S.K.: 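After the structure tokens below, expect a handful of questions from me.
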Amino acid sequence: MDILKQIFSPLTHIKGRTLVILIIIQTVVALLLWEIFGANGLIPTPLKIIKAVVTIVTTEFFIDNFFSSLGLTLTGMGLSIVIALVVSYLSLIPVFTPLARFIVKCRYLTLTGLIFLFTLITQDGHQLKLSLLIFGIVPFFVTSLLSIIESINIQEYELCKTLRMNNWQTLLEVVIIGRLDQVFEVMRQNFAIAWMMITMVEGLSMSEGGLGTMLIKSNKYIDLSTVFAILVIIFALGIFFDYLLKNMRYWLFPYTKIHVRK
Amino acid sequence: MMKYSKNELLIDVQGVSLTYDKQILRDINFKIHNIVRPDVNQGQVISLIGRSGIGKTQLFKILAGLIQPTTGIVNIGLDQHPVVAGEVGIVAQNYILFNHRTVQENLRLAMKHSSNTQTSEEKDKLIQEYAEKFDLSEHLKKYPMQLSGGQRQRVSIIQQVLTGNRFILLDEPFSGLDALMIDRVMDLLLRVSTLHELNTLVIISHDVENSLAISDTAFILAREKGKEQECATITETLDLIEMGFAWNPKIREDQAFQHLVSQIKHKI
């Protein structure tokens with residue numbers, strides 16, 4: 001009874017095990033309802049989707065498509081984080097501040113209108129996808145990184161001064177080394193954006209394949225079981241990478257666990 | 001009366017004022033001399049006492065060289081040169097440390113950019129010595145977030161001592177501490193002050209009783225009587241050695257001392 005009261009009471013902290021049970025029960029109930037009431041509908045039921053997932057993952061072209069998407073995402077993420085870090089750190093040097101501010105505002109630029117421009121600039125389909133991905137991610141990365149930098153307590157800079165560090169040493173200690181864990185967290189959060197965008201950019205050049213290409217082709221033939229199966233795969237992979245990055249952060253920066261417990 | 005003498009000038013604050021949108025500090029003047037006692041490394045403990053919002057933190061930053069006053073100058077050291085950021089240690093009220101570094105790394109960093117020419121092994125040995133002296137040996141491998149408030153304060157103070165700075169400013173060191181912890185902090189500060197003859201601790205606080213109990217000199221920062229709308233200045237200087245209240249661990253039990261505390265509380 002106490003647990004029942006707790007789960008309906010606002011601002012109550014519940015144990016991890018209780019939360020897992022809640023998630024499992026709600027998922028099972030939702031899937032059961034979908035299976036029972038969705039049997040005659042247009043949208044395929046969970047069982048049909050699971051069958052389609054099994055079929056897809058056992059085909060030989062799935063691995064190629066999966067690695068094509070993953071490779072593109074990781075390359076795009078890697079290059080984006082490097083560009084975003086350089087821009088964010090440079091933003092602390094007054095002459096580069098306007099550039100950083102402009103890149104932040106680029107979040108409001110739609111990619112669709114720029115495809116033609118990028119097609120002219122780039123050499124092939126791969127470059128086109130990569131550059132669009134980077135152009136799409138960098139403004140979000142820079143926004144998050146600048147917000148981290150702006151939230152640094154001024155007393156940390158003052159502490160550096162009392163420890164006789166010059167401005168460059170302060171930048172290295174407080175902004176670069178001191179916030180690496182948060183950069184990793186930003187990367188984790190923005191991986192979702194990159195993973196979401198991958199299906200869009202892969203549709204622009206389908207010769208290299210990829211999960212996005214598979215999705216677009218299945219959509220074209222209104223093969224809804226396959227469409228939903230690919231969505232489930234993309235969703236599951238996204239959650240897996242999120243989990244992986246979260247644990248990598250704890251492993252690389254053990255002090256972040258202390259913050260979480262607090 | 002204990003034997004002592006006031007020798008060289010260590011800190012000289014001359015005509016300091018600070019104005020932002022309105023004037024905050026006006027004509028702050030005080031001098032701190034090296035107090036010498038036979039057979040003791042007698043450092044100096046000075047209090048700047050004032051109520052909250054009076055401009056104590058701004059004065060704190062001026063004394064540390066972190067901000068420049070609108071007028072006036074702060075000279076420090078035996079050669080009396082203008083203060084430069086980095087020459088005066090600060091222990092902030094919330095005991096700022098680098099949360100991404102262990103206690104040992106935080107302390108190592110204190111010596112990294114100082115004029116200390118010791119080898120890494122010698123520096124580690126020095127850290128170990130201080131950690132033992134201030135009950136931190138078992139916490140050296142921990143991160144600041146794993147420490148209690150009192151432990152963080154001790155690390156913060158030792159960090160500033162390890163830079164080799166002889167001048168350390170402490171912002172509200174008794175704030176938010178219970179009676180037992182206050183006694184421990186007072187003991188810690190007295191130990192730090194007696195580590196070296198020239199060690200000078202400047203406590204900036206609104207806690208009249210504890211600040212006076214630990215100090216040899218106190219300056220009252222307040223608005224002048226009849227000019228309550230005006231900015232703050234030093235309204236009174238208390239030579240606690242001359243008054244017979246300094247260097248006595250049980251001074252808070254003294255009736256005359258309590259009378260003085262009561263008077264000062266009414267003045268700030």
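Note that the coordinates shown come from a computational prediction; the quantities given were computed from them, not determined experimentally.
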S.K.: For B:K112, is it the side chain, the backbone, both or neither that has a heavy atom under 4.5 Å from a heavy atom of chain A?
M.R.: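 Neither part.
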
S.K.: Is there a side-chain contact between B:F98 and A:L163 in this structure, where contact means two heavy atoms from C-beta onward sitting under 4.5 Å apart?
M.R.: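 Contact flag for B:F98/A:L163 side chains = yes.
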
S.K.: Roughly how far, to the nearest 0.5 Å, is CD1 of B:I96 from CD of A:E156?
M.R.: 6.0 Å

S.K.: For A:I63, I'd like to know if atom CD1 has over 12 heavy atoms of other residues, nucleotides or ligands within 6.0 Å.
M.R.: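 Enclosed: over 12 neighbouring heavy atoms sit under 6.0 Å from CD1 of A:I63.
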
S.K.: If you apply the rule salt bridge (Lys or Arg N to Asp or Glu O under 4.0 Å), what do you find for B:E87 with A:R164, and how did you get there?
M.R.: CA-CA 8 Å; B:E87 292 180 330; A:R164 298 174 187 180; over 6 Å; no

S.K.: Hey, does A:L159 have a side-chain heavy atom less than 4.5 Å from the side chain of B:Q159?
M.R.: yes

S.K.: Between A:E173 and B:H100, do the side chains contain an N or O donor and an N or O acceptor separated by less than 3.5 Å?
M.R.: yes

S.K.: Please flag which part of B:N165 lies under 4.5 Å from any non-hydrogen atom of chain A: side chain, backbone, both or neither.
M.R.: both

S.K.: Determine whether more than 12 heavy atoms belonging to other residues, nucleotides or ligands lie under 6.0 Å from atom NE2 of B:H81.
M.R.: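 Correct, the count exceeds 12.
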
S.K.: Identify which part of A:N153 has an atom lying under 4.5 Å from any heavy atom of chain B, answering side chain, backbone, both or neither.
M.R.: side chain

S.K.: Between atom CD of A:E158 and atom CZ of B:F60, what is the distance when rounded to the nearest 0.5 Å?
M.R.: 8.0 Å

S.K.: If you count the non-hydrogen atoms of other residues, nucleotides and ligands that lie under 6.0 Å from CZ in A:R188, is the total more than 12?
M.R.: yes

S.K.: Kindly compute the distance separating CG (B:N99) from CD1 (A:I258), expressed to the nearest 0.5 Å.
M.R.: 8.5 Å

S.K.: Above 12 or not: heavy atoms from other molecules or residues under 6.0 Å from CG of A:N166?
M.R.: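 Above 12, so yes.
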
S.K.: Name all residues meeting the side chain to side chain donor-acceptor pair (under 3.5 Å) criterion together with A:S147; count only those two or more places apart in sequence or in a different chain, and write none if there are none.
M.R.: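 Partners of A:S147 under the side chain to side chain donor-acceptor pair (under 3.5 Å) test: none.
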
S.K.: Between A:I177 and chain B, with a heavy-atom cut-off of 4.5 Å, which part of the residue counts as in contact: side chain, backbone, both or neither?
M.R.: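 Answer is both: backbone and side chain atoms of A:I177 are under 4.5 Å from chain B.
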
S.K.: Does B:Q68 have more than 12 heavy atoms from other residues, nucleotides or ligands lying within 6.0 Å of its CD?
M.R.: no

S.K.: Is any side-chain heavy atom of B:L109 closer than 4.5 Å to one of A:M165?
M.R.: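 Sidechains of B:L109 and A:M165: in contact.
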
S.K.: Measure distances from B:A64 to the heavy atoms of chain A and classify the residue's part below 4.5 Å as side chain, backbone, both or neither.
M.R.: neither

S.K.: Drop me the distance from A:Y255's OH to B:Q146's CD, to the nearest 0.5 angstrom.
M.R.: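 With rounding to 0.5 Å, OH (A:Y255) is 12.5 Å from CD (B:Q146).
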
